[in-house]
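A quick write-up on the structure given underneath.
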Amino acid sequence: MRSRLLAITAGVTLALAMAACGNGSGVEVSDAWARASAGVQNAGAVYMAISAGEADRLVAASVAPEVAAMAQVHETSMNEDGAMMMGQVSAIDVPSEGSVALEPGGFHIMLMELVEPLTDGATFEMELTFENAGAITVEVEVRDE
Amino acid sequence: MQRPFRLLAGLVVLMLVAGACGTDEYLPAGIVRTPPPEVGSVALPDATNGGEFSFRAEPGEVLVVYWGYTSCPDICPTTMADLRRAVADLGNDGQRVEVAVVTVDPDRDTPDVLTAYVRAFFPDGTAVRTEEPAALEAAARPFGASYEVSTNDDGYVEVVHTAFLYAIDDQGLIRLTWQFGIESEDIQLDLESLLKGYDNA
């Protein structure tokens with residue numbers, strides 16, 4: 001009797017532990033979207049909201065070669081002369097129990113050398129790499145906003 | 001019997017004062033430069049319609065000009081989309097607003113690419129483009145627009161540029177300059193005020 005109870009307890013505990021770990025990420029990405037291309041554009045930008053339980057950092061992004069040649073994490077900023085510029089950043093910090101928004105005028109994932117224009121309503125997958133959470137795949141929705 | 005009379009008198013005075021103040025002057029969200037820069041005599045090749053494009057609105061209209069490039073993934077499309085929303089929200093008055101985009105990256109922005117880009121946002125928009133760096137610089141000066149196109153170590157082209165929208169009247173004067181990030185509602189209200197300015201003149 002005791003050994004069976006032990007076995008059941010062990011089994012339940014193991015199941016609970018596995019459920020609690022889930023994919024072990026603690027990172028949630030929502031509302032991933034890209035603006036539809038205007039005419040024939042060779043670059044695009046992907047925006048999203050990222051929240052995390054534990055602090056984490058977005059360090060890389062990639063898309064299938066049928067979508068674009070490359071994806072890079074970028075930030076738009078203004079220099080001291082009032083000119084706008086964009087630069088690759090090595091990581092985007094997601095604070096513990098917090099969130100960060102990739103939105104127009106700020107952080108975005110730049111898609112370089114789009115194979116085809118992004119059209120309103122289309123979707124494509126993007127893989128995001130986080131320092132702690134590892135790789136997460138998200139579906140990006142193309143919108144004509 | 002005295003009190004109600006006094007109250008009424010007070011109310012009448014208040015109404016007179018309020019009436020005397022008149023309408024509040026509209027304070028635009030965009031920047032007003034004094035004196036307004038003169039760009040009406042500046043002309044660059046019209047990549048959409050051929051010939052030359054002069055930076056001056058048709059009588060009673062407003063011409064909004066943007067200096068950008070099509071390979072711009074974030075700033076330019078965001079600005080164009082916000083302007084589009086502002087013009088759409090003007091209703092019928094939207095027909096009194098023209099839009100032109102000058103490319104700071106003529107090497108990559110061919111006339112077809114640039115026209116397709118502008119027309120994706122504004123069906124009657126005009127693409128303006130020159131291959132002469134000196135002509136582009138000379139045109140940019142009165143606007144106060146600056147730009148730099150370079151190739152980085154990885155072989156990718158990088159562009160740094162001022163991202164203002166310029167509202168030009170039918171005298172060829174820049175009446176308002178909108179900074180990047182301005183809300184489309186502010187652009188709309190500013191445009192309404194400019195158009196009303198013609199009607200009240």
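So that the names make sense, note that chain A is the first sequence line, chain B the second, and so on, each numbered from 1.
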Close approach to chain A in residues 148-174 of chain B, criterion heavy atom under 4.5 Å: B:Y156, B:V159, B:V160, B:H161, B:T162, B:A163
Around atom CD of A:Q88, are there more than 12 heavy atoms from other residues, nucleotides or ligands closer than 6.0 Å? yes
How about residues 133-141 of chain B versus chain A: which residues have heavy atoms under 4.5 Å apart? none
Could you check whether atom CZ of B:R84 has more than 12 heavy atoms from other residues, nucleotides or ligands sitting under 6.0 Å from it? yes
Checking an interface table here. Which of residues 59-83 of chain B come within a heavy-atom distance under 4.5 Å of chain A? B:T70, B:S71, B:C72, B:P73, B:D74, B:I75, B:P77, B:T78, B:A81
Chain A heavy atoms under 4.5 Å from B:R119: which part of the residue, side chain, backbone, both or neither? neither
Top residue by heavy-atom pair count (under 4.5 Å) with chain B, among A:R35, A:M112, A:H74? A:R35
For B:Y117, is it the side chain, the backbone, both or neither that has a heavy atom under 4.5 Å from a heavy atom of chain A? both
Is it the side chain or the backbone of A:M84 that comes within 4.5 Å of chain B heavy atoms, both, or neither? both
With chain B as the partner, which of A:A34, A:P104, A:G39 has the greatest number of non-hydrogen pairs under 4.5 Å? A:P104
Among residues 91-114 of chain B, which residues come closer than 4.5 Å to chain A, judged by heavy atom distances? B:R108, B:V113
Proximity breakdown for A:D144 and chain B, heavy-atom pairs closer than 4.5 Å: both
I need the minimum non-hydrogen distance between A:E145 and B:R85, along with the two atoms involved. C-NH2, 3.9 Å
